[in-house]
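Because only heavy atoms are used, hydrogens play no part in the values below, and waters and symmetry mates are left out as well, while side chains stay in.
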Amino acid sequence: QIEKARAGVNAARAEYIPEVGAFVQYIHENGAPFVSPNSGAVGLNLKWTVFEFGKRRGQVSERQAEVAQAEENLTQVRRHVQVDVEKAVRKLNRAETALDSARQLLASATETRRVTSDRVEAGTANQSALLDAEAAISGAQADVLRAEYDRSVAAADLARVTGSL
């Protein structure tokens, strides 16, 4: 759009250039005895509007305004893309942090189940505590899977925004 607008400015400025043409004319006449049978003419033709009452100047100003508008649009698009990329990077960082937390929670739940299993074998805890610990492991595994999914979605979103798909 910027290049198109700049070409428009150049075209509007070209209106200041006068139109110049050259011509050559040759006439052969047999029918009139008082006129020379062969005659020729050479000349220049110049067209230039002297009084244009600001029309050309207005066109140039209008085209320059279009260039400024196209440059502003480009700046806004660049800012928008930059914001989208930064947003996607933050989302990916949050997803990676959530994945690390979910993995640590799974490790903690696994350790709690091991300790509870030892306590059940020793007779200091009942079977329901062991079942609760196993349920906590299943929940932690589900959280890890959800966090891995969220991280994959965030990575795909970043790749889409940066155009590296």
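- Among residue pairs with one or both ends in residues 116-138, those qualifying as salt bridge (charged side-chain N to carboxylate O under 4.0 Å, His left out) are Arg113-Glu134, Arg114-Asp118; sequence neighbours excluded.
- Looking at Ser164, its side chain never comes within 3.5 Å of a backbone N or O of Arg160 through a donor-acceptor pair.
- Follow the hydrophobic side-chain contacts under 4.5 Å out from Leu92 and you reach Val81 in the same cluster.
- By the salt bridge (Lys or Arg N to Asp or Glu O under 4.0 Å) test, Glu19 pairs with no residue at all, sequence neighbours left out.
- Residues Arg78 and Gln82 have side chains not in contact (no heavy-atom distance under 4.5 Å, counting atoms from C-beta outward).
- Remark: Leu44 pairs with Ala22 by the side chain to side chain contact (heavy atoms under 4.5 Å, CB included) rule, at least two apart or across chains.
- When hydrophobic side chains of Ile, Leu, Val, Met, Phe, Trp and Tyr are connected at separations under 4.5 Å, Ile17 ends up as a singleton with no cluster partners.
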### Task
Take Asn126 and Val120 through the test side chain to side chain contact (heavy atoms under 4.5 Å, CB included) and record every step on the way to the result.
CA-CA 6 Å; Asn126 58 13; Val120 167; over 6 Å; no

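- No donor-acceptor distance shorter than 3.5 angstrom exists from the side chain of Asp143 to the backbone of Arg146, with no hydrogens or angles considered.
- Under a hydrophobic clustering in which Ile, Leu, Val, Met, Phe, Trp and Tyr are joined whenever their side-chain heavy atoms come within less than 4.5 Å, directly or via other members, Leu145 and Leu99 fall into different clusters.
- We find the NZ-CD distance between Lys4 and Glu66 to be 8.5 Å, quoted to the nearest 0.5 Å.
- Note on Val77 and Val85: same hydrophobic cluster, where clusters join Ile, Leu, Val, Met, Phe, Trp and Tyr whose side-chain heavy atoms are under 4.5 Å apart, directly or indirectly.
- A donor-acceptor contact shorter than 3.5 Å links the side chain of Thr97 to the backbone of Asn93.
- Residues Thr162 and Ala159 come closest through the heavy atom pair OG1-O, 3.3 Å.
- Every residue meeting the side chain to side chain contact (heavy atoms under 4.5 Å, CB included) condition with Asn10, not counting sequence neighbours, appears here in chain and number order: Arg13.
- Under the side chain to side chain contact (heavy atoms under 4.5 Å, CB included) criterion, Tyr16 pairs with Arg56, Arg57, Val60, sequence neighbours left out.
- To the nearest 0.5 angstrom, Gln104 atom CD is 5.5 Å from Ser101 atom OG.
- Rounding to the nearest 0.5 Å gives a distance of 10.5 Å between OG1 of Thr116 and CD of Gln127.
- Residues in residues 20-34 take part in these side chain to side chain donor-acceptor pair (under 3.5 Å) pairs, two or more places apart or across chains: Tyr26-Asn38, His28-Asn30, His28-Asn38.
- Judged as a salt bridge (charged side-chain N to carboxylate O under 4.0 Å, His left out), the pairs with a partner in residues 85-96 (not counting sequence neighbours) are, in order, Glu96-Arg151.
- In this structure, Val67 belongs to a hydrophobic cluster whose other members, linked by side-chain heavy atoms under 4.5 Å apart, are Val9.
- Residues satisfying the salt bridge (Lys or Arg N to Asp or Glu O under 4.0 Å) criterion with Asp150, sequence neighbours excluded, are absent altogether.
- Put simply, Leu130 and Ile137 are part of two different groups of oily side chains (I, L, V, M, F, W, Y) that touch within less than 4.5 Å, one to the next.
- Applying the side-chain hydrogen bond (donor to acceptor under 3.5 Å, both in side chains) test to Asp84 and every residue at least two apart in sequence or in another chain returns His80.
- Annotation: side chain to side chain contact (heavy atoms under 4.5 Å, CB included) contacts of Gln1 (sequence neighbours excluded): Ala70, Asn73.
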### Task
List the steps and the verdict of side chain to side chain contact (heavy atoms under 4.5 Å, CB included) for Gln59 and Lys55.
CA-CA 6 Å; Gln59 284 179 340; Lys55 177 184 170 195; 3.8 Å; yes

